[in-house]
Structure formats: structure tokens, C-alpha cells
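A short worksheet on the structure shown next.
Index from 1, following the sequence.
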Amino acid sequence: MSLKYAEVIGDPVVQSKSPLIHGFWLDRLGIEAEYRAVHVTPDGLSDYIAERRADPNWLGCNVTMPHKQAVIPLLEEMESDSKSIGAVNTVFRTPNTALRGTNTDAQGFLEPLKEELAGEHLFRMARILGTGGAARAIITALSGQGFTLVVAGRNPDKARSLLDELAPDGEHHAVHLDHFAQPTNFAFDDRDRCFDLVINASPLGMRGQPELAFDWSHAPPGSIAYDIVTDPQETRFLQNAKTAGFRTIDGLSMLIGQAAAAFEIFFGARPPREHDAELRKLLSQ
């Protein structure tokens, strides 16, 4: 008897850690199912969806670049989170066999911030470095949590258009990425009861990519540094933040958080999060 299965698709996809994460949870829960990685090119996306739609054992797929927006016209339904973000990272079957798209990136991003977000603040500000697909989810997530946003990119016009599209309410700001590269002597006001984030939402600092130029004099006291890059786990961005005395959150936190939401959709069970420390060790090897 063939096993039920889910997949991750992308171009490329060999670097994806999703099979390890989902496989780890399936093994711990004793669920007889599989999770695979499949290389799907842009030209092959439509055929892939058509083939899997006809396979009753297929539970759905996670969607990585460059398919997060291209897959949308191939689906019958979209959940509100994917509509607001304008991208899909998870496709699954509904009870009436329609294919529905959702996005677990925002949920995964916010997961390690739950304790702070549960508190009351006089002011919340996030500096978001990057204007790609991940930034879309992060802008949407944080604007919904009452943050004033500063989005920095190589093209400030793109940063502005993202804010206008995804967070039209509020006085948000768009700047050039270089704005944060050089030291500043700006005197920050009293940050008591303020919540400040500095987020690398770009591929900069990833293995094989240039480093992200960010001077930590731009971060208010008490800021949290958050890097969505997963390889290396501790980027230069996070190392410099620690040296400057800031708390850090690495990319595995978001990766595991968004995978947990997708796992429950695919396999109908909550992943065993009590084993996160062991999972992190495996992901770091």
C-alpha cells in the first residue's frame, strides 16, 4: 500500500531543510507517511500541480522560491493570510478536493516573539532589511501587531511600494539599505516599554552571499536582532549583534515555526515540539 506523502518544491530545492524537519516529527510520532523534496522548474509547475492533484496519496506541498506567487493561479482557494501577503508557501487539499493555498511564514516568524508580543508597549518599531518574498510576510505580520516599520532595500521605491500594498495604514518609512551601513551618533530616546526589532529579511549573510552591512549604532537599546538566514545558523549579523549586547533570534526559529504549522495541515497532528533542541542539533550539522 502506498504511503500518504507531502513535499517541498522549489528551484533549487536541494538546500531545503524541510524533509529533515518533517521526517523527524513523523518518526517521533510514529506516523506512516513521507515528506519529500522535489525539484520543480517554473516551466514544470503547472504539470506538477496537475499530476499531484490526480494522486490520492498526495497531501500537499510546501512552496519555496520561485513559485510562491506563480502557484496562485493554479489553486481554487486562498486563505486570508496568503491573500494579504500575496504569496503561498503551503498548498493542501480541502474536504471537497479543491487545492487551497495558505502562508505559514508570518506565523512562523512571530512564534519566537510570542512572549514579547503578549506584553503592552508604548511604541513598537521594526527595521526590516530586505524587500524580497520573506519581507512580504514579515511586513504583513508586524503591521498587524502594531509596529511602525522602516523597510530598507537596494531600491527604496520597491520598499515604499511594499509598504503601500501590505501596510497602508500607519506612518511607515522606506530607506536605502546603505542608510544603516555607516555608524550614527543618533541619540535614542528613553526606550522603556518600547519594543524594537532589527530583522535581516534578505539572503545577505547566507553562505555564499555577501555579508549584510549593518552598523549596530542604528539599533535602540534593548533591540532584538532577528536573522531569517539558516545557513550559517549564527550569521555575522547575529554575531555582531551579540557583541553589541543585543538579544538574537536565528533563522531556525522561523523555519521550525512555519514548518510546524504546515505539518499539522498535512498530517493532522501537532508536531512534538518538546524535541526542538534535538531537532536544532540535527539541523545544525
In terms of side-chain heavy atoms, does [X] have a donor or acceptor partner in [Y] at a distance below 3.5 Å?
{"X": "Ser253", "Y": "Arg280", "value": "yes"}
{"X": "Asn62", "Y": "Ser18", "value": "no"}
{"X": "Thr104", "Y": "Asn89", "value": "yes"}
{"X": "Asp43", "Y": "Thr41", "value": "no"}

Any heavy-atom pair between the side chains of [Y] and [X] that's under 4.5 Å?
{"X": "Gln145", "Y": "Phe195", "result": "no"}
{"X": "His22", "Y": "Lys17", "result": "no"}
{"X": "Phe214", "Y": "His179", "result": "no"}
{"X": "Thr248", "Y": "Ile224", "result": "no"}
{"X": "Asp55", "Y": "Tyr5", "result": "yes"}

Sidechain N-carboxylate O distance under 4.0 Å for Glu76, Arg53
yes
Give a yes or no on this: more than 12 heavy atoms of other residues, nucleotides or ligands lie within 6.0 Å of atom CD of Gln182.
no
Are the ring centres of Tyr226 and Phe109 closer than 6.0 Å?
yes
Side-chain donor/acceptor of Ser143 to backbone N/O of Thr140, under 3.5 Å
yes
So which of Leu204, Ile199, Val229, Val198 actually passes side-chain contact (heavy atoms from CB on, under 4.5 Å) with Phe237?
Val198
